[in-house]
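Before any comments, here is the structure.
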Amino acid sequence: MSARRNTGTPKAMRNIFGIIMIVIYLAVGILFFCGYFDILFPTWTWVRWVGGTLFVAYGLWRGYRQFAGIDRGYGNEPDDDDETPDPTSFKH
């Protein structure tokens with residue numbers, strides 16, 4: 001008889017963390033566009049537009065991956081109970 005140990009992060013926590021990170025990336029991008037970081041780059045207006053564009057684009061890309069199920073670990077891999085055991089593996 002073998003005891004199964006679950007050492008992974010629960011799917012719900014990964015999903016919540018993913019959504020929080022999407023919101024953070026989009027918010028930072030919007031803050032760049034609004035000029036919130038002008039105190040750091042007062043004469044570099046191109047940094048404002050490039051930074052805002054990159055953060056918003058990455059936030060949208062990450063949101064697409066999250067909700068389309070492309071990222072591994074966000075509900076698109078089979079559960080451990082559904083897998084057939086591999087006779088050559090050392091897991092019991």
Side-chain angles (χ1 to χ4, degrees):
M1 184 167 165
S2 66
R4 255 185 135 166
R5 215 170 81 182
N6 186 3
T7 58
T9 306
K11 289 180 187 177
M13 290 303 295
R14 287 192 305 250
N15 287 333
I16 291 169
F17 178 74
I19 292 170
I20 290 171
M21 289 308 298
I22 292 166
V23 170
I24 288 173
Y25 285 122
L26 292 175
V28 169
I30 291 169
L31 288 175
F32 261 104
F33 284 136
C34 293
Y36 183 79
F37 299 108
D38 279 348
I39 194 165
L40 298 174
F41 310 105
T43 58
W44 295 358
T45 56
W46 64 271
V47 171
R48 172 181 173 185
W49 296 107
V50 171
T53 302
L54 288 176
F55 273 103
V56 169
Y58 185 68
L60 292 174
W61 172 246
R62 196 169 163 130
Y64 168 73
R65 287 187 346 216
Q66 172 94 23
F67 294 111
I70 295 172
D71 278 343
R72 181 167 173 78
Y74 291 98
N76 58 347
E77 76 275 350
D79 292 333
D80 290 335
D81 296 337
D82 296 340
E83 293 179 6
T84 58
D86 182 12
T88 61
S89 73
F90 292 105
K91 289 197 251 181
H92 294 276

- Does Ala68 have any side chain to side chain contact (heavy atoms under 4.5 Å, CB included) partners at least two apart in sequence or in another chain, and if so, which? Tyr64, Ile70
- Query: Looking at residues at least two apart in the chain, or sitting in another chain, which of them share a side chain to side chain contact (heavy atoms under 4.5 Å, CB included) with Leu60?
  - Reply: Leu26, Val56
- Query: Nearest 0.5 Å, what's the CD1-NZ distance between Ile16 and Lys11?
  - Reply: 14.5 Å
- Roughly how far, to the nearest 0.5 Å, is the OH atom of Tyr58 from the OH atom of Tyr25? 5.0 Å
- Query: Can you get from Trp61 to Ile19 by hopping between Ile, Leu, Val, Met, Phe, Trp and Tyr side chains that sit under 4.5 Å apart?
  - Reply: no
- Task: Check whether Leu54 and Trp49 end up in the same hydrophobic cluster, where Ile, Leu, Val, Met, Phe, Trp and Tyr are linked by side-chain heavy atoms less than 4.5 Å apart.
- Result: no
- Message: Run the ring pair (Phe, Tyr, Trp, His ring centres under 6.0 Å) test against Phe67 and tell me which residues pass, sequence neighbours left out.
- Response: none
- Message: Starting from Phe17, can I reach Val23 by hopping between I/L/V/M/F/W/Y residues whose side chains sit under 4.5 Å apart?
- Response: no
- Message: How close do Gln66 and Ile22 get, counting heavy atoms only, and between which atoms?
- Response: CB-CD1, 3.9 Å
With a cut-off of 3.5 Å and sequence neighbours excluded, list every side-chain donor-acceptor pair involving residues 31-45.
none

